[in-house]
Amino acid sequence: MRILVKTIHRTEDALLVVLLSSMIALASTQILLRILFDYGLIWADPLLRVMVLWLGLTGAMVASRHNKHIHIDVLTRFFSKNLYLFVQTFVGQFTAWVCILIAWNGARWVQMDYVDEMTSLGGVPSWMLEIIIPISFAVIGIRYLLFSIRWGSLCYRRFRLHASRAK
Amino acid sequence: MSIFAPVLLILALLRTPLFAIIAASAMLGFYSEEIDLAVVSIEIYRLAEMPILLAIPLFTFAGYLLGESQASTRLVNLTHHLLGWMPGGLAIVAIFSCAMFTAFTGASGVTIIALGALLYPALKQAGYNENFNLGLLTSSGSLGLLFAPSLPLILFGVVAQQMDLDQPVGIDQLFLAGIFPGLLMLIMLSIYSMMQPRHVVEKKGFDVKKALAALSAAKWEIPLPILVLGGIYGGYFAVSEAAAVTALYVLVVEVLVMREITIRQLPEIMRDSMVLVGGIMIIIGASLASTNYMIDAEIPTRLFELIQQHIDDKLTFLILLNLFLLALGMMLDIFSAIVIIVPIILPIAVGYGIHPVHLGIIFLANMQLGYFTPPVGMNLFIASYRFEKPVMTLYRATIPFFVILLVSVLIITYWPTLSLYLITP
């Protein structure tokens, strides 16, 4: 299990580094070609745009590792630890199921494009470009499901401890 | 939808990731119209159809690189030798360096971390009052939001371009529009700093030798603003291309020329910066789906009609807008505020005859205050952590700065020419 998690983390990190580096290289080459030779690679701009999507969603996966997604912190800042964990257990469930719903329906869409043999970027099968959407949302969803379980059990344990002390 | 709205609102207040809230509202909308939910993914895929989005990861990465390098020290040194001889010099140094640094690093709190460490002891040594120093550095952490190429300016442009307005909003226009309002804030804060009493009075003249040395130390970073702004307005490249050039330039300078960042550090910096980018992009993606639903359901139009029944002049609308945005800035961070609120507010403001670019500047200027407005302004907590002071002390210390910047926000709001002068032919 630990190896699996590590592999996923490594893959995400590697994907980020490769995408970002090649985006900088590709975009710069494109500008250089234009200024020097008034020439451009036709496939570069659409490819760069798809890479932005991949980079963004991979970044979002990495952000979900430590629950670092943008959220509002107005009320929970003033909660007690127990109440916070209790509430977060439900929040985690909600987030998880929203993501899983998107991933599930996204997967259906990608599959439809696969069956229909749709292509884009001049011949690349569309499903290959789209697949990051269901994958990233599934990963984020599973992470929040695990968070929720961890928060819930932590909350339960603290509650038990509290109850036994009261006795 | 209407039954679920309060539930979603409560969930949002309980720290649910905002992208999940937005996506859920979009899905509920589509579901009630009996539209296949696969459409959510199709809308998210539109992230790959917006060329300007390329600017977000590239500028963010460049900003993180600058934050990790010693560029902050060189910047403070440079401004110190160029502006330090003026009355209130050091405080003005702090204001201008923070603004420059924030413009490039995007108000993520890194300004307080990176520059605060340098400026806080220096201000103390120069004999400024403790509360003044804390207030100045806390409020300077979001100063410079209005200067190119700050991330919030770009994001506002991205969102506005999705709106299909009669007057298109160019990011290059926003960059120009931010200059005078941003300068107004800097000047007003500088004047206040000049009036500060100091315990130690040290007279220092302008030292040409030291100024030249500081210039030479920062010779690689000085071209950056020229590269970005000159490149865009000289017609050499588009905003997203400027981002690519900036990222490449900063990468080469800090890693190969100055050698302050090793190649081994790069993957980690890339990952840290892309966590922020991922957080923003997934919210944009989710909101692409929900904005569409909102536009289809004509929510902004209906809201506008509703508001128009009660408010019929632009001035009253602007006053209410300021109040609303100030309250919003206290609760919501700037990125989600732009993505969630701009699609609703922009058509309404345009209905009242406000120029969309001007609205962008008003919006961001208000949000800038939110960074250090109690109870939850992010920079208050970052400063509290950085300077090891209780948050309550910082609440008090920032009050005069809040008042000054509030006045500047009001001037920016009610004097559109200040923002629009450079973009109206």
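Quick note on labels: first sequence line is chain A, next is B, and so on, each numbered from 1.
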**Prompt:** Of the backbone (N, CA, C, O) and the side chain (C-beta and beyond), which part of B/I283 lies under 4.5 Å from a heavy atom of chain A, both, or neither?
**Reply:** side chain
**Message:** Please give me the minimum heavy-atom distance between B/A38 and A/W109, naming the atom from each residue.
**Reply:** CB-CB, 3.9 Å
**Residue selection (most heavy-atom pairs with chain A, distance under 4.5 Å) from B/L47, B/L18, B/I280** = B/L18
**Message:** If we define contacts as heavy-atom pairs under 4.5 Å, which of B/V245, B/D36, B/V39 has the most with chain A?
**Reply:** B/D36
**Portion of B/L13 that has a non-hydrogen atom of chain A nearer than 4.5 angstrom** = both
**Prompt:** If we only count heavy atoms from C-beta on, is the B/I282 to A/H69 side-chain gap below 4.5 Å?
**Reply:** yes
**Message:** At a 4.5 Å cut-off on heavy atoms, which part of A/D45 comes close to chain B: side chain, backbone, both, or neither?
**Reply:** neither
**Complete:** Taking every heavy atom of A/A27 against every heavy atom of B/L54, the minimum-distance pair comes out as CB-CD2, 4.4 Å
**Asked** Side chain, backbone, both or neither: which part of B/I56 has a heavy atom under 4.5 Å from chain A?
**Response** neither
**Prompt:** Tell me, side chain or backbone of B/F237 under 4.5 Å from chain A's heavy atoms, or both, or neither?
**Reply:** both
**Proximal to chain B - members of residues 5-12 of chain A, heavy-atom separation under 4.5 Å** = none
**Request:** Could you tell me which of A/I31, A/V87, A/L32 has the largest number of non-hydrogen atom pairs under 4.5 Å with chain B?
**Result:** A/I31
**Asked** Who wins among A/N67, A/V98, A/I140, A/V110 for the most heavy-atom pairs under 4.5 Å with chain B?
**Response** A/V98
**Proximal component of B/M274, with respect to chain A [non-hydrogen, under 4.5 Å]** = both
**Request:** Just give me the residue among A/L55, A/V91, A/I133, A/I70 that pairs up with chain B most often, heavy atom to heavy atom, under 4.5 Å.
**Result:** A/I70
**Asked** Under 4.5 Å between any side-chain heavy atoms of A/F137 and B/S41, yes or no?
**Response** no
**Message:** With chain B as the partner, which of A/L57, A/I132, A/L129, A/L19 has the greatest number of non-hydrogen pairs under 4.5 Å?
**Reply:** A/L129
**Fill in**
Turns out that what part of B/Y249 lies under 4.5 Å from chain A's heavy atoms comes down to neither
**Message:** Any side-chain to backbone donor/acceptor pair from B/E49 onto A/R49? Under 3.5 Å, distance only.
**Reply:** no
**Prompt:** What residue among A/D13, A/L20, A/V17, A/L16 forms side chain to side chain contact (heavy atoms under 4.5 Å, CB included) with B/P267?
**Reply:** A/V17
**Request:** Give the member of B/L248, B/V277, B/I42 that has the highest number of heavy-atom pairs under 4.5 Å with chain A.
**Result:** B/I42
**Side chain to side chain, B/L14 and A/F90, heavy atoms closer than 4.5 Å** = no
**Request:** May I have the step-by-step check of side chain to side chain contact (heavy atoms under 4.5 Å, CB included) for B/V40 and A/N105, ending in yes or no?
**Result:** CA-CA 8 Å; B/V40 175; A/N105 286 294; over 6 Å; no
**Request:** Measure the spacing between CD1 of A/I102 and CZ of B/F19 and express it to the nearest 0.5 Å.
**Result:** 7.0 Å
**Asked** What residue, out of B/A12, B/A238, B/A247, has the most heavy-atom pairs lying under 4.5 Å from chain A?
**Response** B/A12
